[in-house]
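What follows is one structure encoded as structure tokens, with my remarks underneath.
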2 protein chains.
Amino acid sequence: MLALQRSNIEDFPGNPMDRTDASLIALRRILRATELYGRELAQAAGLTAVQFRVLQVVAETRYCTPTDISNRMGVSLATVTSLVDKLVKQGMVHRERAKIDRRQMNIVMTEKGEAALNTAPDALQQRYVRRFEAMKDWEQAQLVSSLERIAAMLDAEDLDASPVLDMGDFRKSQ
Amino acid sequence: MLALQRSNIEDFPGNPMDRTDASLIALRRILRATELYGRELAQAAGLTAVQFRVLQVVAETRYCTPTDISNRMGVSLATVTSLVDKLVKQGMVHRERAKIDRRQMNIVMTEKGEAALNTAPDALQQRYVRRFEAMKDWEQAQLVSSLERIAAMLDAEDLDASPVLDMGDFRKSQ
DNA sequence: TCCATTTACTTCGAGTGACTAAGTAACATT
DNA sequence: AATGTTACTTAGTCACTCGAAGTAAATGGA
């Protein structure tokens, strides 16, 4: 859960809605859309959202280890172990001991895992990309500039810069 | 979990990074920032992120009932019951039977709850709002327009239009 | 070489958050 | 008064998460 709230700046009565609010509302809609999409996607794929994300990371990463997944997703190694367990049980991935360093495990996609990833309903993603690419050049540029500006305002940490929008489960505070 | 990925459009080699990717990366940074903020906030407040969100809803809503919370957060009534239980146990809120309709419970903030909300580290929110309001008028307008456009592209569902950015836990697919 | 340390991962135990289904209590309708 | 509806809680179950403790392999001296 996250909640950004407006600061306590008083609106003049009759002020319809100031831009700060408008921007926060739009941001909220964006987060909400991605959240709902995550649920939908996971449901249709027969996987939970988090499990699906693991599958994506595995697919993206060569010689993917639990530590890789842990770093990419921002969860503990213990959590990764249990997530991978579930994916193994479902035949989506399997573990292979790494040859170079036998402490490491490589998490490897199975065909079933590939299939699950590929047939996932990527409605949101497709819609977004399609619409984005339908825009005029200058509009795209404007949008990117705005997004980057907002990201900077939120002071997002440095991330691996893969073109993946990723909203992991974030309950850390237990 | 959510993952927006780029569609399978081939980049020409040497193409540094197209705008679709850039926009997705920026979006990801935004989601990630909000996610991390949620964790941080929850940790410092001694509440989990979801519990904190309940507190916010209670604070915002007059005569707040479990059903209100359920609707605002998009979780089941049973979940609300258990969340409120925890907040009650911590002395953040208490239950009062409604006078008009004695089936309803009103969830009411305690002073401790108010304090927890007010002293919450709202670093992200403050930073965002401060920076937003420091921008020039036309820049604000531009940003709002971009955000709203993106929200529309993602086709976010209709939401209560409160100026609250809210990213609830979204595991529904169990 | 051998022992201590570090690294990589798993296991264990426990808490939160989420759901559905079934239950209780109060209001509403007939 | 009987029936239905609404509001909420209880009970049971499962997923995700963590920290702490454990195992196994590599590494780095002495």
Side-chain angles (χ1 to χ4, degrees), chain A residues 1-2 35-36 38-39 42-43 45-55 63-71 73-90 92-107 167-174, chain B residues 1-2 35-36 38-39 42-43 45-55 63-71 73-90 92-107 167-174:
Chain A
M1 191 285 300
L2 168 147
E35 169 198 328
L36 293 175
R39 295 182 182 183
Q43 217 151 20
L47 294 166
T48 68
V50 176
Q51 288 168 8
F52 191 83
R53 174 65 185 140
V54 172
L55 220 48
Y63 306 112
C64 182
T65 66
T67 300
D68 291 335
I69 299 172
S70 169
N71 291 335
M73 293 183 60
V75 298
S76 74
L77 218 39
T79 301
V80 172
T81 296
S82 90
L83 293 174
V84 170
D85 282 348
K86 281 164 197 156
L87 289 174
V88 168
K89 222 171 273 174
Q90 293 182 75
M92 298 294 185
V93 302
H94 61 94
R95 289 182 166 97
E96 275 175 15
R97 203 157 275 287
K99 277 140 200 152
I100 344 101
D101 184 338
R102 292 182 45 74
R103 288 170 304 183
Q104 292 184 348
M105 299 299 297
N106 289 138
I107 314 300
M167 195 174 85
D169 195 338
F170 41 77
R171 282 168 307 151
K172 272 282 178 52
S173 52
Q174 300 186 16
Chain B
M1 189 287 297
L2 167 148
E35 170 198 327
L36 293 174
R39 295 182 181 183
Q43 218 150 19
L47 294 166
T48 68
V50 176
Q51 288 167 7
F52 192 84
R53 174 64 185 142
V54 172
L55 220 49
Y63 304 113
C64 183
T65 66
T67 300
D68 290 336
I69 300 172
S70 168
N71 291 336
M73 294 184 60
V75 300
S76 74
L77 217 40
T79 301
V80 173
T81 296
S82 92
L83 293 174
V84 171
D85 281 349
K86 280 162 198 156
L87 289 175
V88 168
K89 218 172 277 173
Q90 291 183 76
M92 298 294 184
V93 301
H94 61 94
R95 290 182 166 98
E96 275 176 16
R97 202 157 276 287
K99 278 143 201 151
I100 346 103
D101 183 340
R102 292 181 48 74
R103 287 170 304 183
Q104 292 184 349
M105 298 299 297
N106 288 139
I107 314 300
M167 195 172 86
D169 195 339
F170 44 76
R171 281 166 309 151
K172 275 283 180 50
S173 54
Q174 296 188 19

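Residue numbers start from 1 in every chain, and the chains themselves are labelled A, B, ... in the order their sequence lines are given, proteins ahead of strands.
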Please state how far atom [atom1] in [X] lies from atom [atom2] in [N], giving the value in whole angstrom units.
{"X": "A:Ile69", "N": "C:dT10", "atom1": "CD1", "atom2": "C1'", "answer": "14 Å"}
{"X": "A:Leu83", "N": "D:dC14", "atom1": "CG", "atom2": "P", "answer": "17 Å"}
{"X": "A:Ile100", "N": "C:dC9", "atom1": "CD1", "atom2": "P", "answer": "11 Å"}
{"X": "A:Met73", "N": "D:dC18", "atom1": "CE", "atom2": "P", "answer": "10 Å"}
{"X": "B:Arg97", "N": "C:dC27", "atom1": "CZ", "atom2": "C1'", "answer": "12 Å"}
{"X": "B:Arg53", "N": "C:dT16", "atom1": "CZ", "atom2": "C1'", "answer": "18 Å"}

What does nucleotides 1-10 of chain D look like as a protein-contact string, B for base, S for sugar-phosphate only, - for none, at under 4.0 angstrom between heavy atoms? ----BBSBBB
Under 3.5 Å, is there a donor-acceptor pair linking the side chains of B:Thr79 and B:Ser76? yes
Minimum heavy-atom separation for B:Cys64 and B:Ile69, please, with both atom names. SG-CG1, 3.5 Å
How far apart are the closest heavy atoms of B:Leu47 and B:Phe52, and which atoms are they?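 B:Leu47 and B:Phe52 have their closest heavy atoms at CD1-CD1, 4.0 Å.
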Using side chain to side chain contact (heavy atoms under 4.5 Å, CB included), reason through B:Val50 and B:Leu83 one step at a time and then give a plain yes or no. CA-CA 8 Å; B:Val50 176; B:Leu83 293 174; 3.5 Å; yes
Separation of B:Glu96 CD from B:Lys99 NZ (nearest 0.5 Å):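 Answer rounded to 0.5 Å: 6.0 Å.
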Results of side-chain contact (heavy atoms from CB on, under 4.5 Å) for B:Arg95 - residues two or more places apart only: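 Only B:Thr81, B:Val84, B:Asp85, B:Val88, B:Met105, B:Ile107 meet the side-chain contact (heavy atoms from CB on, under 4.5 Å) criterion with B:Arg95.
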